[in-house]
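Notes for the one structure printed next.
Just so you know, residue 1 is the first one in the sequence shown, and it goes up from there. Basis for what follows: all heavy atoms, side chains included, without hydrogens, waters or symmetry-related copies. In each ligand, atom 1 is the first atom listed, and ligand 1 is the first ligand listed.
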Amino acid sequence: MELKTKAARSNGDQEAERQHAKTAEPDINHLMFASRTNWNLKPNRLAEALEHHKSSGRRLLDLSVSNPTECGFKYDAPAIMRALCAPASLQYHPDPKGLKSARKAVSDYYAEHGEGVSVDDLILTASTSEAYSFIFRLLCNPGDELLIPTPGYPLFDFLADVNDVRLVRYPLFYDHGWQIDLHALKQVITPRTRGVIVVHPNNPTGHFTKPEEIAQLNQICTAKQMALIADEVFLDFSLGSAQRSFVANTGALTFTMSGISKISGLPQMKFAWLAVSGPDAEKREAVARLEMVADTYLSLNAPIQLAAPVLLQQRKKFQEQLMARVGANLTELDAQLAEKKQVGRLGVEGGWYAVLRIPATRPDEELALELLEKRDVYLHPGHYYDFPGDGYLVVSLIAPTQDFSEGLRRILSAI
Ligand SMILES: Cc1ncc(COP(=O)(O)O)c(C=O)c1O
């Protein structure tokens with residue numbers, strides 16, 4: 001999801017604000033358009049201030065950056081450009097699941113993780129967001145519910161609105177690392193709950209779902225006829241040992257999503273996938289229905305699918321650079337935090353972000369505004385990810401290290 005829309009999210013309790021936005025000030029547009037699109041599209045104060053800053057021409061230290069193509073990483077441009085010029089692109093051979101050669105490249109990616117995924121159980125999509133939509137359409141009637149983690153990535157709200165799905169939040173809690181509050185999760189399940197979404201590792205908390213949690217989620221999902229939906233766009237960015245993918249999970253019907261936007265740092269290429277696993281009969285039925293959904297759109301283009309093996313190979317050099325950057329920025333962060341005792345950071349197991357814990361003496365958004373307007377630093381306040389209250393800031397660990405270091409210095413001097 002693009003920054004401007006994300007930044008336009010309202011402050012405070014997001015769900016309450018969204019409901020308010022959907023009923024506020026009926027006007028002609030509300031008569032003309034479907035109510036699912038009655039979003040509050042007015043930028044909030046921080047988004048407005050960001051636009052203003054951009055037009056001022058002042059140099060911004062962007063510590064929210066998530067676009068890898070703007071972070072100074074080196075790509076093998078000749079190899080990528082060559083791969084995009086395959087003469088076979090001039091032929092149209094539609095396959096609802098995606099070209100077999102491209103699915104084979106994805107299956108090979110999992111084989112390198114030690115996981116066997118059949119090309120028959122893979123469906124290619126233009127983005128992970130599109131994969132989410134396919135799964136939502138497969139599982140949910142209008143008004144059905146899906147459980148999402150909080151804190152979490154704000155993308156889900158809009159995806160759910162577009163697909164007439166109701167999101168219900170389950171809490172994560174931090175106690176020597178992030179964990180799922182499984183008790184609370186069970187309590188929010190209703191007869192309309194169709195599935196549980198996990199982000200592995202989660203954005204922005206950077207924690208992986210643990211094997212004991214997966215075992216419990218399998219039990220819960222099986223007992224309640226629900227599916228597990230695993231977003232693994234950051235799977236390869238573990239700071240410790242490599243973590244297992246959900247593609248091997250058979251304890252419940254499971255949909256695992258990823259794509260090259262993060263894995264290879266190529267969000268502009270629009271190549272993603274979903275893998276289906278689980279009990280055989282359910283898996284077969286899910287794949288057949290998803291194939292029909294995919295056939296309705298046939299949204300992937302031939303050049304990208306033909307280039308998929310090369311684009312996936314790009315991940316190796318990209319991930320080396322990215323992990324070196326994350327490591328350097330975390331070292332810098334810890335060095336600066338050692339000098340500033342009233343600010344800490346939460347443990348991070350993987351992904352591209354760190355969460356700072358600051359004294360909650362004023363709203364996080366006010367601090368973010370001051371940093372932007374007075375110190376030319378942009379970051380995301382915690383409420384943007386639905387943290388429980390003030391006192392949380394999220395910083396990107398993929399920002400160029402010089403910018404990261406200077407931006408952090410300015411942040412800490414404002415606290
Ligand atoms: C957790 C998570 N899932 C999905 C996406 C979107 O991925 P895609 O570009 O494949 O739609 C993002 C993008 O930042 C993300 O953070």
Side-chain angles (χ1 to χ4, degrees), residues 1-7 9 62-71 98 102 106 109 122-136 146-160 162-163 167 169 172 178 196-209 228-238 243 245-246 255-275 294 297 299-301 304-305 308 311-312 314-315 318 322 326 348-355 380 384-386 394-399:
M1 173 166 277
E2 212 233 314
L3 177 70
K4 190 161 172 260
T5 326
K6 287 197 289 184
R9 292 196 56 76
D62 185 357
L63 265 56
S64 78
V65 64
S66 64
N67 179 350
T69 65
E70 289 178 353
C71 292
V106 176
Y109 160 77
L122 285 168
I123 288 163
L124 305 183
T125 57
S127 63
T128 316
S129 308
E130 188 180 55
Y132 270 116
S133 275
F134 285 9
I135 297 165
F136 290 6
L146 289 168
L147 308 188
I148 60 163
T150 179
Y153 182 55
L155 163 86
F156 299 122
D157 292 293
F158 296 99
L159 274 173
V162 168
N163 289 290
L167 294 178
R169 287 166 165 79
L172 306 170
W178 287 98
V196 181
I197 295 175
V198 293
V199 183
H200 180 68
N202 191 41
N203 174 2
T205 55
H207 75 285
F208 288 92
T209 317
L228 253 177
I229 302 160
D231 177 334
E232 295 189 340
V233 296
F234 293 110
L235 179 73
D236 292 355
F237 304 99
S238 170
Q243 298 284 321
S245 164
F246 274 79
F255 301 93
T256 305
M257 291 168 291
S258 190
I260 63 169
S261 84
K262 302 287 186 289
I263 296 293
S264 297
L266 293 168
Q268 75 279 33
M269 297 296 175
K270 298 287 159 199
F271 181 83
W273 59 85
L274 68 93
Y297 296 100
S299 49
L300 275 149
N301 65 68
I304 288 299
Q305 294 187 78
L311 300 182
L312 268 161
Q314 296 304 309
R315 75 182 188 278
F318 170 71
L322 188 130
V326 166
V348 47
E349 297 168 2
W352 295 6
Y353 308 96
V355 179
H380 287 153
Y384 177 76
Y385 300 90
D386 247 352
V394 175
V395 290
S396 164
L397 294 171
I398 69 164

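The option with the heavy atom closest to atom 2 (C) of ligand 1, from among V199, D231, L159, is D231. The closest heavy-atom contact to atom 6 (C) of ligand 1, among the options S129, G152, A126, comes from S129. In this comparison of Y353, Y153, W273, the heavy atom closest to atom 15 (C) of ligand 1 sits on Y153.
Checked by distance only, ligand 1 and K262 come closer than 3.5 Å through their nitrogen or oxygen atoms. Considering backbone and side-chain atoms alike, N203 places an N or O below 3.5 Å from some N or O of ligand 1.
When L235, D236, D231 are each tested for a side chain to side chain contact (heavy atoms under 4.5 Å, CB included) with V233, only one passes: D231.
Here the side chain of T150 pairs a donor or acceptor atom with the backbone of D386 at under 3.5 angstrom. Using modelled atom types, one side-chain atom of S264 and one backbone atom of L311 make a donor-acceptor pair closer than 3.5 Å.
The atoms of ligand 1 that sit less than 4.0 Å from any heavy atom of F234 are 16 (O). With ligand atoms numbered from 1 in the order given, ligand 1 contributes 7 (O), 8 (P), 9 (O), 10 (O) to contacts under 4.0 Å with heavy atoms of S261. Close contacts of ligand 1 with V233, meaning ligand atoms under 4.0 Å from a residue heavy atom, involve 1 (C), 2 (C), 3 (N), 15 (C).
Checked against side-chain contact (heavy atoms from CB on, under 4.5 Å), V106 has the following partners two or more places apart in sequence or in another chain: Y110, L122, L124, F271, W273, L312. Looking at residues two or more places apart in sequence or on another chain, you find no salt bridge (Lys or Arg N to Asp or Glu O under 4.0 Å) involving E130.
Nearest heavy-atom pair across G259 and I263 is O-CG1, 3.0 Å.
Using 4.0 Å as the threshold, G259 has no heavy atom nearer than that to any atom of ligand 1.
With a heavy-atom cut-off of 4.0 Å, E130 does not touch ligand 1 at all.
To the nearest 0.5 Å, atoms CE (M257) and OG1 (T125) are separated by 9.0 Å.
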